[in-house]
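Residue indices begin at 1 and follow the sequence shown.
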Amino acid sequence: MNLTKLCAVFLATHLAFAPLMAQMPATSGERDYSIGPDTWPNLFHAFRMPDVPYVEEGNSPRLDELIHDGKLYLSLSDAIALALENNLDVAVSRFSRKIAETQLLRAKTGGAVSGAQGGVSAASTGASSAATSGVAGRGAVSGRATTDGRGAAGVAGSGASGGLNLDPVLSARFALQHNSAPTFSDFTTGTNFLVNDDTFSRISIGKSFWSGASGSLSWTTQRSFSNSLRSNFNPFSTSDVRLDFRQPLLQGFGRVNKISLRVARNNLESSDLQFREQVIFTVASIQRLYWDLVRFRAEVESSLEDLRLARQLYEGNRERVEIGKLAPIDLIESEAEVGQREQELTIALTAVREQEGTLKTALSKNGLASPFLLEVEVIPTDHVEVPATLEIKPLRELMNMALTSRPDIAQARLQLENADILLKGTRNSLLPSVDLVASMTNNGLAGDLNPNLMLLPGQVPNTPDFFIGGLGKALGQVFRRNFPDYSVGLSVSIPLRNRRAQADAANALLRRRQSQLRMHQQVNEIRREVQSAVVGLEQAHARYLAARATRELREKMLDGEEQKFKLGYSDTFKVVQRQRSLAQSRAGEILTRNEFVIERTNLDEITGQTLAANNISIDEALDGRVSKRPDPIPVSR
């Protein structure tokens, strides 16, 4: 009896304080979607749709501030800021944390959670439409160009508490019943057909607890009218208050029930890491798009210079043909060269326009749907600066930097931690089921004397006043505990082979070890990516220096050939050849300069230093508002 009373006090205390505990503020900055302006004790708030953030479809004011005279003057820092404010890949990724917060709220009620949303998207960022140097996909970039689902495996909550409901549930049942049944003997009822008209009601409240316990408290009342001639009371009322309690002692006991909660908190942290990874990828992609646009515009300028030289040669040859100093065939050759240069200029201008469209789509929410933005010319204001000497940190230091800074490796560690947590749940499921079961019921009965009572021969009527009355009399008996029932016991279930639980446990352990090996693979791949990025940057720097030197030599060679041509010691063919060689050298210099800055961008991304290198605040990226003011428009426009 003492044990039953203790269980009753335990359950009653938890039921009393459960609503207050449910309204405890969220920790670690997560949003609790169950908290609103009218919380407890206003129960109707529980049935309303929660307030969730709206999607802002307009672009940030920064975009309009950067447009002047139909041109978008864009520095690299402004391009990055616009991406953080308007890029839809980043905007979509912001919702991953909000979704993870809903899963955490679900876990706080004892429910199982789904896997963390993972992967990096490039749907709204894209890549350069024209052919680039081929280094944009080097290293980590190629593995994260589309949504890959990273972070979803092993975190769904298998083996975690799924049968608990920590939110108290209030239920009620009301019924009117009419029963009529013929009887083959009138000995017990005094009639050959028994008719009952009942009014029934039951109100109960129940909930579960983190210990694995579950309990319910119910109140049942029933008022009955009967045609029985043997019943002392008609009508009569019955009432009882019942307390049921079950506490697992082995399987399902204790901290194992918080597995979903611990996994949900890790998934929330994983969603932050996924957002950080998305920001890194998007910023690096914007850098590549920006520098490719710089390259394409430089190629336009180079094509214009090549066209100027070709036209200059053509005009000079035409004058020489007119005065008879040059054969007409030389004029045709120089004219063909002008046509070739005009074609190359058209190709270069097309690449610029396509790249502008890709960049506009990445930096705005409505992309090219805006007629105003569609016609705007993008003018990059930054230029590539290639140092004379290249300074790179030691390779081992860069590898350690990548392993400590990259979000994807941090997510892999969280996956292993979640696998260990879930393994504890599957280990607990191997145990037999042993539950402490207790119940307590207080009963009451009251009614009016049956005016049609028929006693058996020799029977003496026994109707104490203790039972005479209505529902209030019955409730008084209940709360005075005049007629209590008690029950305390153990419920034991022991599987004789337990193959299903053993298979689940082995599966969880094997998956954990598989994840551990995958993490080793990922670490090795990161080291290889860092080494490849360092080699690529060194080679790009060397190629640029060689290309610049070659271009300078070709300029001198063309100048010398033109001087010889003017003196009559050369011909048109040789001059055209020198011009073509110089054009190729200019294109090579532009290309290698672009390769250098792309490789430098890749190294920052692969080592996890993109945010630090560009002074990006992840909080501002999450908020979608960058505090940095737009860079001033260049004076000479």
Side-chain angles (χ1 to χ4, degrees), residues 1-15 18 106-114 154-171 173 202 204-218 220 240-264 418-442 484-512:
M1 183 180 300
N2 292 335
L3 181 58
T4 305
K5 290 181 179 179
L6 181 62
C7 294
V9 172
F10 175 81
L11 178 59
T13 302
H14 279 70
L15 289 175
R106 176 180 174 84
K108 288 180 178 179
T109 69
V113 297
S114 59
V155 297
S158 174
S161 58
L164 298 181
N165 187 3
L166 301 180
D167 286 347
V169 177
L170 179 67
S171 59
R173 179 190 171 196
R202 173 177 293 162
S204 63
I205 183 171
K207 76 181 299 289
S208 302
F209 308 98
W210 281 125
S211 64
S214 61
S216 64
L217 180 65
S218 62
T220 304
D240 67 73
V241 174
R242 181 180 178 89
L243 181 65
D244 291 292
F245 178 75
R246 177 181 290 268
Q247 172 63 63
L249 301 180
L250 289 179
Q251 187 182 127
F253 173 76
R255 284 177 55 85
V256 69
N257 295 292
K258 290 191 174 183
I259 283 179
S260 284
L261 181 60
R262 297 166 64 188
V263 168
N418 279 344
D420 291 334
I421 293 173
L422 298 177
L423 189 59
K424 294 178 181 178
T426 56
R427 184 180 293 115
N428 180 265
S429 65
L430 289 168
L431 299 175
S433 177
V434 180
D435 297 346
L436 171 66
V437 181
S439 65
M440 178 180 67
T441 307
N442 292 336
D485 295 336
Y486 299 103
S487 174
V488 178
L490 289 177
S491 175
V492 180
S493 176
I494 302 177
L496 299 182
R497 298 192 67 181
N498 212 20
R499 291 183 296 173
R500 180 178 299 179
Q502 288 177 330
D504 291 342
N507 182 278
L509 187 57
L510 290 171
R511 288 181 179 275
R512 198 275 179 201

Taken in chain and number order and not counting sequence neighbours, the residues that satisfy side chain to side chain contact (heavy atoms under 4.5 Å, CB included) with Ser171 are Ser204
Could you tell me the separation between the NZ atom of Lys207 and the OG1 atom of Thr109, rounded to the nearest 0.5 Å? 10.5 Å
Applying side chain to side chain contact (heavy atoms under 4.5 Å, CB included), name anything that partners Pro495, two or more places apart in sequence or on another chain. Asn498
Applying salt bridge (charged side-chain N to carboxylate O under 4.0 Å, His left out), name anything that partners Asp240, two or more places apart in sequence or on another chain. none
Between atom CG of Asp485 and atom OG of Ser439, what is the distance when rounded to the nearest 0.5 Å? 8.0 Å
Restricting to side-chain hydrogen bond (donor to acceptor under 3.5 Å, both in side chains), what partner residues turn up for Arg173, sequence neighbours left out? none
For Arg246, salt bridge (charged side-chain N to carboxylate O under 4.0 Å, His left out) partners two or more places apart: Asp435
Those residues that, when tested against Asp420, pass salt bridge (charged side-chain N to carboxylate O under 4.0 Å, His left out) (two or more places apart): Arg512
With Ser433, which residues qualify under side-chain hydrogen bond (donor to acceptor under 3.5 Å, both in side chains), at least two apart? none
Could you grab the distance from atom CZ of Phe245 to atom OG of Ser216, nearest 0.5 Å is fine? 11.0 Å
Could you report the tightest heavy-atom contact between Leu436 and Leu249, atom names first, then the distance? N-CG, 4.2 Å
Closest non-hydrogen atoms of Asn428 and Leu250, given as atom of the first, atom of the second and distance, are ND2-O, 3.4 Å
What is the minimum heavy-atom distance between Ala107 and Ser260, and which atoms define it? CB-O, 3.6 Å
Mind checking side chain to side chain contact (heavy atoms under 4.5 Å, CB included) for Arg255 and listing every partner two or more places apart, or none if nothing turns up? Arg262
What heavy-atom pair brings Pro484 and Asn442 nearest, and what distance separates the two atoms? CB-OD1, 3.6 Å
Specify the closest pair of heavy atoms between Ser429 and Gln251, including all atoms of both residues, with the distance to one decimal. O-NE2, 3.4 Å
CG (Leu166) and CG (Leu261) are apart, to the nearest 0.5 Å, by 9.0 Å
Specify the closest pair of heavy atoms between Gly425 and Val256, including all atoms of both residues, with the distance to one decimal. CA-CG2, 3.7 Å
Only pairs under 3.5 Å count here: list side-chain donor-acceptor contacts from residues 499-507, not counting sequence neighbours, and write none if there are none.
| from | atom 1 | to | atom 2 | distance (Å) |
| --- | --- | --- | --- | --- |
| Asn507 | OD1 | Arg511 | NE | 2.9 |

Could you tell me which residues satisfy side-chain hydrogen bond (donor to acceptor under 3.5 Å, both in side chains) with Ser491, sequence neighbours excluded, listed by chain and number? none
For Thr441, enumerate each residue passing the side-chain hydrogen bond (donor to acceptor under 3.5 Å, both in side chains) test, keeping only those at least two apart in sequence or located in another chain. Arg242
Side chain to side chain contact (heavy atoms under 4.5 Å, CB included) partners for Ile494, two or more places apart: Pro432, Val492
